[in-house]
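Since this is a predicted model, take the numbers as computed values, not measurements. In the text below, chain A, chain B and the rest are named by the order of the sequence lines, each starting its count at 1.
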There are 2 protein chains.
Amino acid sequence: MKHLVRTSRNLGHAIRQARKAKNLTQKELAAMSGVWQETISKIENGSGGTKLETVFDLIAALDLEITLTERSKGTSDGLEGIF
Amino acid sequence: MKHLVRTSRNLGHAIRQARKAKNLTQKELAAMSGVWQETISKIENGSGGTKLETVFDLIAALDLEITLTERSKGTSDGLEGIF
DNA sequence: ACAATTTATGATCCAGGGGTCATATGGAGT
DNA sequence: ACTCCATATGACCCCTGGATCATAAATTGT
């Protein structure tokens, strides 16, 4: 499972999916990440302007990692342009 | 070129490297991204708490992309990364 | 050394994120 | 229907990132 993240909305989706894949509630994730449930709700719904560190806390708790790559290669992932 | 990003400092490094790889000055990157040179300076030096949207602006201008992946593929351990 | 450019820093102002609590809405189960 | 849990939302305050301008420091070129 690989998420291309270009917007806050993308990020929210990815986080929600990852959380559900682990059968965690927002409250549980809040407890493990130190980010409040209310804040997680906002982020999952794509509220823009989230702070980086909050995202790092979340993805660390969800056992995800962020990779920064160049965007020229043809990815051939088949998931481009879905949204 | 692939950057694993876990902290704001990582992000700053990656952005600086990408910028230099393209022979851009902070001022030029500022002009292309809409983010101010002063802000870019802070971010490249790992100032925490940067906003997501600012990062998106920067990586878009630098032709980079963010990927969110799982760190360890759940069910079995130590088998990731074979391919 | 000097001048020019690049990067960093310092200050002010403002908008918005997140902590925090309370509450409302929604969904699953009985 | 009514609980119980999950998620969303509203309100408040505080804090800080970013815009903005000015300037200091560092780097580069000659």
Length of the line joining A:Lys20:NZ and D:dC5:P, which is rounded to integer Å: 18 Å

Any B:Arg19 side-chain N or O less than 4.0 Å from OP1/OP2 of C:dT7: yes

Protein-nucleotide distance (B:Leu29, atom CG; C:dA8, atom P), rounded to Å: 12 Å

Worked verdict on A:Lys20 versus A:Glu44 for side-chain contact (heavy atoms from CB on, under 4.5 Å): CA-CA 11 Å; A:Lys20 296 219 155 173; A:Glu44 287 191 353; over 6 Å; no

Nearest listed nucleotide, side chain of A:Thr50, among C:dG18, D:dC21, D:dA8: C:dG18

Between P of C:dG18 and CG of A:Asn45, the distance in whole Å: 13 Å

Exercise: identify the closest heavy-atom pair between B:Gln26 and B:Ile40: O-CD1, 3.5 Å

Short side-chain N/O contact from B:Trp36 to OP1 or OP2 of D:dT20, under 4.0 Å: yes

N or O in side chain of B:Ser41 less than 4.0 angstrom from C:dA8 OP1/OP2: yes

Atom of B:Ala61, atom of B:Met32 and distance for their closest heavy-atom approach: O-CE, 3.6 Å

Donor/acceptor link under 3.5 angstrom from B:Glu44 side chain onto base of C:dA8: no

Euclidean distance, atom NZ of residue A:Lys22 to atom C1' of D:dA6 [Å, nearest integer]: 20 Å

Short side-chain N/O contact from B:Arg16 to OP1 or OP2 of C:dA8, under 4.0 Å: yes

Value in whole Å for how far the C1' atom of D:dC13 lies from CD of A:Glu38: 15 Å

Donor-acceptor contact present, side-chain A:Arg19 to main-chain A:Leu24, <3.5 Å: yes

For atom CG of A:Leu58 and atom P of C:dG19, their distance in whole Å: 10 Å

Residue B:Val35, side-chain heavy atoms: nucleotide from D:dA19, D:dG17, C:dA8 that is nearest: D:dA19

Below 4.0 Å: OP1/OP2 of D:dC5 and any side-chain N or O of A:Thr25: no

Sugar-phosphate, base or nothing in reach of B:Ser47, heavy atoms under 4.0 Å: nothing

Among D:dG18, C:dG18, D:dT20, the one nearest A:Thr54 by side-chain distance: C:dG18

Donor-acceptor pair present, A:Gln37 side chain and D:dA6 base, under 3.5 Å: no

d(CG, B:Asn23; C1', C:dT6) in whole Å: 14 Å

Under 3.5 Å: donor-acceptor pair, side chain of B:Arg9, backbone of B:Gly46: no

Spacing of A:Lys42 atom NZ relative to D:dA11 atom C1', expressed in whole Å: 10 Å

Nucleotide of C:dA8, C:dG18, D:dA8 approaching B:Gln26 most closely (side-chain heavy atoms): C:dA8

